[in-house]
Amino acid sequence: MEEILSQLNDSQKDAVLYNDGPSLVVAGAGSGKTRVLTYKIAGLLQSGYEPGRILALTFTNKAADEMKVRIDDIVGAGVSRRLWMGTFHSIFARILRHEAEKIGYKSNFSIYDTADSKSLIKNIVKEMALDEKKYTPKAVLSRISQLKNSLVTPDVYRNHTDWQKNDAYAKIPRLSEIYSTYFARCYKACAMDFDDILLYTNILFRDFPEVLAQYQDLFQFILVDEYQDTNFAQHLVVKKLAAIHHHVCVVGDDAQSIYSFRGANIDNILKFREVFPDCRVFKLERNYRSTPNIVKVANSLIAKNKKQLPKNVYSEQKEGSKVKVISSYSDLDEASSVVAQIDRFVSSGKYKYKDMAVLYRTNSQSRVFEEALRKRSIPYKIHGGHSFYQRKEIKDVLAYFRLVLNPDDEEAFRRVINYPARGIGNTTMGKISEVALRAGISYWEVISDPLRYNLPVNAGTAAKLANFRALIHGLSEIVDSDNAYDFTKKVVDCAGIRADLESDQSAEGLSKLENLDELLNSIHEFCESKREESDEEATISEFLQKVSLMSDVDEDTEDNDDKVTLMTVHSAKGLEFKNVFIVGVEEELFPSDMSLKSEDGIEEERRLFYVAITRAEENCVISYAKLRFRNGVTNSTLPSRFITKDIDEKLLDLPEDYMSRSTSSRNFSLWDDGESSYSSYRSGRNAVSKPWSRSIREADPEPMPRSTTYVAPRNLKPLPKVSAEVFAPSVSVPEPMPNTDGIEVGCWVEHERFGRGTVLEIENVGGDVKFTINFQNLGEKKILQKYAHLKNLGK
DNA sequence: GTAAGAAAAATTTTT
DNA sequence: TTTTTCTTAC
């Protein structure tokens with residue numbers, strides 16, 4: 001214990017030593033948060049707590065694994081394995097598999113990833129014969145996700161009149177039905193999506209108090225990392241589990257809450273004290289990562305946010321150089337200036353390439369930097385794109401695993417029924433789906449007994465189906481006896497996956513084959529380490545459980561390569577680099593144009609920018625361009641408000657052409673002479689317009705085709721009135737109709753490319769305004785305000 | 001059932 | 001601009 005404490009500062013020590021009740025550790029950027037968490041757990045273990053009675057929740061497997069290593073270093077090898085330590089999803093899934101039958105599931109339930117969820121939603125929308133433009137899988141899933149994260153079940157949603165009215169207003173009146181159907185279909189497939197894992201844990205603890213009591217008693221101490229990123233569902237479980245022992249310690253930084261779009265609720269950390277009134281608050285304010293100059297800039301920025309916990313982050317390092325702002329003519333120039341600077345840093349001999357990171361708001365910004373780096377032959381690595389386990393060829397193999405382990409898994413079924421191609425195409429799949437829907441059974445049940453369910457297929461197709469059935473059946477006979485590696489080899493060969501990939505001699509095909517071998521390797525490794533650990537064979541079920549909840553950040557990265565890192569600011573969270581270049585710091589890009597609608601949106605973007613700045617240890621460079629090529633067009637841009645309004649000017653090393661903010665910010669525009677349409681577009685869009693309400697058409701009660709109705713699998717009790725909880729979860733209503741520049745139905749407008757036309761209809765779709773315009777030359781077109789820069793010519 | 005060609009869309013993404 | 005999705009023709 002002494003040894004542990006000697007490595008901590010006073011405030012860290014206080015946080016580590018307080019174990020008598022609830023505590024909130026507000027950990028400023030770079031303040032040694034992980035250190036506190038690991039030492040606290042190590043301390044608990046040393047003072048006699050059973051590892052099996054400590055629950056420690058993180059957001060990534062990587063974070064959990066790193067802490068386990070550090071804990072083992074302190075208290076002895078292997079101890080961390082006995083902790084209940086892992087991501088919310090993996091720990092909750094573990095509990096759910098154990099208690100599955102209580103909530104009507106089987107413990108072998110599949111986990112649908114986002115792609116599976118979207119595919120299912122797409123099918124449901126099709127089956128209901130709804131407008132697929134209006135009900136896009138992405139939008140529907142994000143809404144369902146929001147609802148689940150706020151613990152609103154389909155029944156509760158259906159019976160909530162206000163929400164129904166909002167959906168009708170937003171022209172998505174059938175959302176509630178889609179949600180119910182999606183929920184029922186997941187249940188029928190014995191599958192849970194990521195959000196279900198949190199939702200069902202809540203249902204379990206709500207409906208089975210004796211189960212809750214058992215876990216409440218088991219977990220004598222609960223620790224949660226990154227609390228600012230928890231959603232309501234996660235928060236409520238933590239609250240409930242801590243209700244008996246009251247030994248809960250949550251760690252986080254409200255200033256780094258950047259995942260609200262995924263359901264994270266910053267209020268969970270801001271109002272933690274209201275939930276646990278006897279909670280002690282510890283603040284870690286000393287930043288060990290960055291120079292005072294960087295910390296001051298970050299502080300000066302974040303001070304502009306209203307919603308935050310008071311704290312004073314400081315650094316005791318040498319002052320360091322000022323945060324530098326560079327301005328470029330265009331995005332291309334920006335890339336070459338930044339890369340030139342990188343080159344200079346490295347040529348000075350003081351830094352290596354791996355000390356450099358280029359951080360941007362959107363992935364699409366990476367391209368120009370890649371090109372600029374390549375031009376100078378500077379090695380770089382890009383973080384982004386999809387993870388190994390999301391690749392098609394890998395997902396296909398995993399889908400076989402899933403189907404064998406859980407034949408009711410409809411998304412797995414869809415994926416493998418005709419892969420590799422075996423002549424069972426869309427037509428047959430459509431028939432199977434129709435029969436399954438009508439009989440209320442799974443696809444697998446349909447093809448298990450096609451005669452009984454009158455599947456209308458010819459003899460040839462029936463034979464193909466029988467072959468497929470035999471294949472899956474054969475695999476299911478060996479799935480429990482074979483170890484994961486042997487089983488995978490059989491799947492790959494028997495299903496003809498290897499043969500299929502080998503037949504493709506293109507570069508793409510070869511890389512797929514390589515990936516397949518890579519998968520086999522990783523399964524082999526998985527088996528080896530299991531054998532080392534417990535002297536037992538690893539099953540494919542265990543492997544699948546692990547990878548279903550794994551993301552790309554969890555994959556090993558060869559950190560030793562001397563390469564410049566390119567990544568989004570989001571993925572940089574938690575990392576640090578000696579030199580950081582934050583690029584594209586322009587209005588409508590950073591802050592993102594999608595965030596400008598609300599103050600909360602801007603505050604989150606500001607936190608995101610805060611995260612970006614605080615990644616830097618020694619040098620932080622902020623860059624903007626005056627012209628940016630985006631979505632096929634070049635636009636003139638303004639430097640971000642974060643530079644021009646938020647950060648104290650005195651703290652920055654500003655570029656020569658920078659107009660002081662005491663003069664008009666319009667001076668930033670290149671186009672002030674009015675010769676260009678850009679400046680009129682900008683001033684036009686910001687102009688005050690007439691009230692929008694008059695131009696909205698009444699929601700038309702257009703008769704919809706009848707949908708197939710589903711019977712909910714089980715009558716789940718509605719959750720208690722959500723508002724009765726301490727925090728009302730924020731289920732946001734659809735955005736009000738935004739500013740239309742006074743454009744009303746009947747107005748004449750002018751479009752840059754399409755010319756003049758009259759407005760026939762104005763709709764609100766997902767926060768954007770969609771105009772239906774009858775153009776003089778081109779006829780009727782639908783146009784989003786976000787992209788079309790319409791000029792109002794009046795009635 | 002595939003392949004080519006047209007059309008439409010276009011944040012961030014810890015599980 | 002690129003990327004994904006939808007249509008159409010073989």
Side-chain angles (χ1 to χ4, degrees), chain A residues 57-64 86-93 111-114 117-118 122 132-133 136-138 141-142 145 148-149 192-198 225-226 228-231 233-234 256-264 331-332 359-368 383-387 389-390 418 421-429 546-554 567-575 584 588-596 601 604-605 607-609 611-612 628-635 765-768 781-784 786-787:
Chain A
L57 298 167
T58 64
F59 276 87
T60 64
N61 295 296
K62 193 177 159 207
T87 62
F88 278 93
H89 288 83
S90 66
I91 297 288
F92 289 7
I111 292 173
Y112 277 180
D113 69 11
T114 312
S117 299
K118 283 185 186 158
K122 197 173 168 186
E132 293 179 53
K133 296 272 155 56
T136 61
K138 200 183 155 190
L141 179 62
S142 114
S145 170
K148 286 182 178 172
N149 288 163
M192 290 196 193
D193 67 17
F194 291 139
D195 303 310
D196 281 329
I197 295 174
L198 310 180
D225 192 15
E226 307 276 24
Q228 76 282 356
D229 290 331
T230 53
N231 60 38
Q234 292 163 323
Q256 295 187 62
S257 170
I258 56 172
Y259 280 105
S260 75
F261 68 95
R262 302 240 332 215
D331 46 359
L332 291 165
L359 308 183
Y360 35 77
R361 177 66 245 262
T362 65
N363 280 308
S364 59
Q365 287 166 259
S366 71
R367 254 201 62 182
V368 283
H383 179 108
H386 45 214
S387 87
Y389 293 100
Q390 302 275 71
N418 199 33
R422 50 174 73 86
I424 309 173
N426 283 337
T427 319
T428 309
M429 190 55 224
K546 188 184 123 170
V547 301
S548 305
L549 293 173
M550 220 162 95
S551 72
D552 50 349
V553 295
D554 299 326
M567 57 167 68
T568 62
V569 181
H570 278 93
S571 30
K573 197 180 127 196
L575 306 177
E588 300 184 336
L589 181 58
F590 202 172
S592 149
D593 49 357
M594 319 287 261
S595 73
L596 300 176
E604 175 142 324
E605 294 285 310
R607 292 192 292 268
L608 189 57
F609 196 46
V611 168
R628 181 161 299 274
F629 182 79
R630 198 152 67 117
N631 296 350
V633 283
T634 304
N635 271 320
V765 276
D768 281 313
K781 276 192 176 301
K782 294 202 176 204
I783 282 172
L784 283 183
K786 193 170 66 164
Y787 298 108

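Note: hydrogens, waters and symmetry copies are ignored here, and every other heavy atom, side chains too, is used. Residue numbers start from 1 in every chain, and the chains themselves are labelled A, B, ... in the order their sequence lines are given, proteins ahead of strands.
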Which of these nucleotides, [options], is closest to any side-chain atom of [X]?
X: A/R262; options: B/dT13, B/dT11, C/dT1; value: B/dT13
X: A/D229; options: B/dT11, B/dT14, C/dT2; value: B/dT14
X: A/F59; options: B/dT14, B/dT12, B/dT11; value: B/dT14
X: A/Y259; options: B/dT11, B/dT14, C/dT2; value: B/dT14

### Spacing between A/F194 atom CZ and B/dT14 atom P, to the nearest angstrom
10 Å

### Message
What is the separation between atom CD on A/E604 and atom C1' on B/dT13, rounded to the nearest whole Å?
### Response
12 Å

### Query
A/R628 and side-chain contact (heavy atoms from CB on, under 4.5 Å): which partner among A/L589, A/N635, A/L332, A/T634?
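Single side-chain contact (heavy atoms from CB on, under 4.5 Å) partner of A/R628 among A/L589, A/N635, A/L332, A/T634: A/L589.
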
### Nearest-angstrom distance, C1' atom, C/dC6 to B/dT11
24 Å

#### Entry: Integer angstrom distance from the C1' of C/dT3 to that of B/dT14
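To the nearest whole Å, 25 Å.
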
Under 3.5 Å, which N/O atoms of the protein pair with N/O atoms of nucleotides 6-9 of chain C?
{"unit_1": "C/dC6", "atom_1": "OP2", "unit_2": "A/K122", "atom_2": "NZ", "d": "3.2"}

### Query
Between atom CD of A/Q228 and atom OG of A/S260, what is the distance when rounded to the nearest 0.5 Å?
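Going from CD on A/Q228 over to OG on A/S260, the span is 12.0 Å.
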
### Query
In Å and rounded to the nearest 0.5 Å, what is the CD1 to NE2 distance from A/I258 to A/H570?
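The CD1 atom of A/I258 sits 4.5 Å away from the NE2 atom of A/H570.
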
### Task
Identify, with sequence neighbours excluded, every residue that meets side-chain contact (heavy atoms from CB on, under 4.5 Å) alongside A/N418.
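Partners of A/N418 under the side-chain contact (heavy atoms from CB on, under 4.5 Å) test: A/A421, A/R422, A/I424.
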
### Summary
Sorted by chain and residue number, the side-chain contact (heavy atoms from CB on, under 4.5 Å) partners of A/K122 (sequence neighbours excluded) come out as A/K126, A/E132, A/P137

#### Entry: Pair assignment for DNA chain B - dot-bracket with | for other-strand partners, Watson-Crick or G-U under 3.5 Å
||||||||||.....

Dump the pairs, protein N or O against N or O of nucleotides 1-4 of chain B, anything under 3.5 Å, distances to one decimal.
{"unit_1": "B/dG1", "atom_1": "OP1", "unit_2": "A/G425", "atom_2": "N", "d": "3.1"}

Select base, sugar-phosphate, or nothing to describe what [X] touches, counting heavy atoms under 4.0 Å on all strands.
X: A/T568; result: sugar-phosphate
X: A/E226; result: nothing
X: A/R367; result: sugar-phosphate

#### Entry: Distance-only side-chain donor-acceptor flag, A/S90 / A/T87, under 3.5 Å
yes

### Query
Is the closest side-chain heavy-atom distance between A/D113 and A/Y389 below 4.5 Å?
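Side chain of A/D113 against side chain of A/Y389, heavy atoms only: no contact under 4.5 Å found.
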
### Task
Take A/L608 and A/R361 through the side-chain contact (heavy atoms from CB on, under 4.5 Å) test and state the conclusion after the steps.
CA-CA 9 Å; A/L608 189 57; A/R361 177 66 245 262; 3.4 Å; yes

## Note on the structure
By nearest-heavy-atom nucleotide on DNA chain B, the more 5' of A/H89 and A/H570 is A/H570

### Query
Any side-chain N or O of A/N363 under 4.0 Å from OP1/OP2 of B/dT12?
yes

### Query
Do the side-chain N or O atoms of A/S571 get closer than 4.0 angstrom to the phosphate oxygens (OP1, OP2) of B/dT13?
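Yes.
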
### Message
With the six-membered base ring of B/dT12 as reference, does the ring of A/F261 sit under 5.5 Å away with planes under 30° apart?
### Response
yes

### Message
Between A/E588 and A/R630, does any side-chain N to carboxylate O distance fall below 4.0 Å?
### Response
no

## Note on the structure
For A/F92, the ring-ring contact (aromatic ring centres under 6.0 Å, His included) test, sequence neighbours excluded, returns A/F88

